[in-house]
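Below are the structure tokens for one structure; questions will follow.
Chain letters run A, B, ... following the sequence lines, proteins first and then strands; every chain starts at 1.
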Number of protein chains: 2
Amino acid sequence: MTHSGRKPDEGERYRAILETSARLICERGYEGTSMQEIAAACRMTKAGLYHHIQNKEQLLFAIMNYGMDVFEEQVLSRVQGIEDPVERLRACMRHNILLVTRGWSKEVIIILHEHATLTGEARAFIDARKKKYVDFLEEAFAQASAAGRIRPVDPTIGAFSFLGMVLWVYKWFKPDGRLSDEQIADGMVDMLFPPVVAAATEGQPGTSSLRVVPRATGTGAADAASVAVPGAASKEKP
Amino acid sequence: MTHSGRKPDEGERYRAILETSARLICERGYEGTSMQEIAAACRMTKAGLYHHIQNKEQLLFAIMNYGMDVFEEQVLSRVQGIEDPVERLRACMRHNILLVTRGWSKEVIIILHEHATLTGEARAFIDARKKKYVDFLEEAFAQASAAGRIRPVDPTIGAFSFLGMVLWVYKWFKPDGRLSDEQIADGMVDMLFPPVVAAATEGQPGTSSLRVVPRATGTGAADAASVAVPGAASKEKP
DNA sequence: CCTATGTTACCTACCGGTCGGTAGGGCGTT
DNA sequence: AACGCCCTACCGACCGGTAGGTAACATAGG
């Protein structure tokens, strides 16, 4: 790591390892994925893999930092220049939902799911990076509240409601469902930040001007169908 | 199992095993918890534990069904009699948030976290129980939308927004944070289902009846503080 | 009353296999 | 010659799960 301009694949191999192991860990969970499997997926032996990484937990830590980099590039950096706090939140929600649904970054999903897997300093470091996002959202909510652009809400509650709606999506979204990710993004944005019909009377930007966008009804995007009861029913012991 | 009226503790022992193992699995994750540890926590040997259960996956399945029972008793059964759809949703959100924050049922948290751990029939069975809840929410949203009691929204998007806000709480709530669980419940309920001020012809109609929790400096509810950088920073390989 | 017979609830001891991780060597490039 | 890269071979610990035995207790027959 002395200077730049090494081989054509510089850190490419390492990046490939992160992405490959992220794919596996995303599918099977951190504890449920063995180093054997990760090495095989990288078309290496376990010892070969350990040439590139220190240990399993450091690998997870690297994956999560990689995921935070992707998030900041794909979401945060694209919206933090927006002046209007409501527009900032709307754009942020949209980008964040699409980041989850598109699934290009398994690393991001791992950050969401393995929120309590890391320990010690690594855990604290990732948490601190997450907290910067929470702070960003809280400030936007505070500004929007103060400006009367949204219904007044405690900024922390606003931020975590935002995050819950957006991030929970990874648990239920199916790309081939009734609702496209675009529809979900639009629907959630309109739900939390209703579009305002400008200047209902004049000057007064309060909630008086909340108007509604026409929308269809119907159901059916997610989860599984019903199935005959397996081995044991609810309360009885097998 | 010839007839009823057995020993005083009937299935008590089994229930205790479920609760004890739920506590451990909730702390360490399903894959991260060994049967050895579970048995020890039950003050048994592993073979003794296996006298009561079939295998590890069936144990998880039993825990999740137990959790669904608790949920239906503590939340669903208490609100599905409410006629007004908005009041039904408000009460449901409140009960569900408190079910998560109070943490009396680790089984419920396991259902939330281990959403993709089970496979096959057991997975489908739990998913079907979850789907009943989604259906319940979608119907309530559809009713509330149709009655003009809330801003029109696709019922599926409404239901999963609701669920995201409510269930994500398990990932960040700390009992000793700035916000109590009651405050969070109230705040989120008012955010998604604003109390209507009937016949507000002047002033700011929407904002008049709700107030924000007095706000201390900083954010304070969640995650961790900042910490010196551990072994490796963002992009560099260790 | 006292056995015979099950049944329940656990134990010790052990299974084959896999876990995360490492030592040390070969080999191609510089 | 030296280095990066990846291999074979192996480590001790632990994994989920089981075989087989035993102490405690309940019931039924005599």
Residue T45(B), side-chain heavy atoms: nucleotide from dC6(D), dC11(C), dG20(C) that is nearest: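 Looking only at side-chain atoms, T45(B) lies closest to dC11(C).
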R13(A) side chain near dC6(D) phosphate (N/O to OP1/OP2, under 4.0 Å):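 Result: yes.
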Ring pair (Phe, Tyr, Trp, His ring centres under 6.0 Å) against F162(A), all qualifying residues, sequence neighbours excluded: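 So F162(A) forms no ring pair (Phe, Tyr, Trp, His ring centres under 6.0 Å) with any residue.
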Among dC10(C), dG17(D), dG21(C), the nucleotide that comes nearest once only the side chain of K56(B) is considered: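 That would be dG17(D).
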Summary of protein contacts for nucleotides 19-24 of chain D, nucleotide by nucleotide, where a base hit scores B, a sugar-phosphate-only hit scores S (4.0 Å, heavy atoms): B-----
Residue list, salt bridge (Lys or Arg N to Asp or Glu O under 4.0 Å) with R88(A), at least two apart or on another chain: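 Residues passing salt bridge (Lys or Arg N to Asp or Glu O under 4.0 Å) with R88(A): none at all.
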Within residues 27-39 of chain B: residues closer than 4.0 Å to DNA chain C (heavy atoms):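 Per residue number, the list is empty: none.
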Nearest-neighbour nucleotide for the Y50(A) side chain, dT22(C), dA9(C), dG17(D) considered: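 In terms of side-chain proximity for Y50(A), the closest of dT22(C), dA9(C), dG17(D) is dT22(C).
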Side-chain N,O (H51(A)) to OP1/OP2 (dC6(D)) below 4.0 Å: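 Answer is no, no contact under 4.0 Å.
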Residue list, salt bridge (Lys or Arg N to Asp or Glu O under 4.0 Å) with R78(B), at least two apart or on another chain: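 Counting only residues at least two positions away or on another chain, R78(B) forms no salt bridge (Lys or Arg N to Asp or Glu O under 4.0 Å).
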Name every donor-acceptor pair, under 3.5 Å, that has one atom in a side chain of residues 106-116 of chain B and the other anywhere in the protein, sequence neighbours excluded.
residue : atom : partner : partner atom : Å
E107(B) : OE1  : S105(B) : OG           : 2.9
H113(B) : ND1  : Y170(B) : OH           : 2.9
E114(B) : OE1  : T117(B) : OG1          : 2.5
E114(B) : OE2  : Y30(B)  : N            : 3.0
H115(B) : ND1  : K171(A) : NZ           : 3.3

Selection from dA9(C), dG21(C), dC7(D) that lies nearest to any side-chain heavy atom of H52(B):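 Comparing dA9(C), dG21(C), dC7(D) against the side chain of H52(B), the answer is dA9(C).
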Only distances under 3.5 Å count here; give the side-chain donor-acceptor pairs of residues 39-47 of chain A to other protein atoms, sequence neighbours excluded, each with its distance to 0.1 Å.
residue : atom : partner : partner atom : Å
T45(A)  : OG1  : G48(A)  : N            : 3.3

Inter- and intrachain pairs under side-chain hydrogen bond (donor to acceptor under 3.5 Å, both in side chains), touching residues 17-26 of chain B, at least two apart: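 Those involving residues 17-26 of chain B are E19(B)-Y66(B).
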Salt bridge (Lys or Arg N to Asp or Glu O under 4.0 Å) partners of R28(A), counting only residues at least two apart: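 Once residues adjacent in sequence are excluded, the partners of R28(A) under the salt bridge (Lys or Arg N to Asp or Glu O under 4.0 Å) criterion are E37(A).
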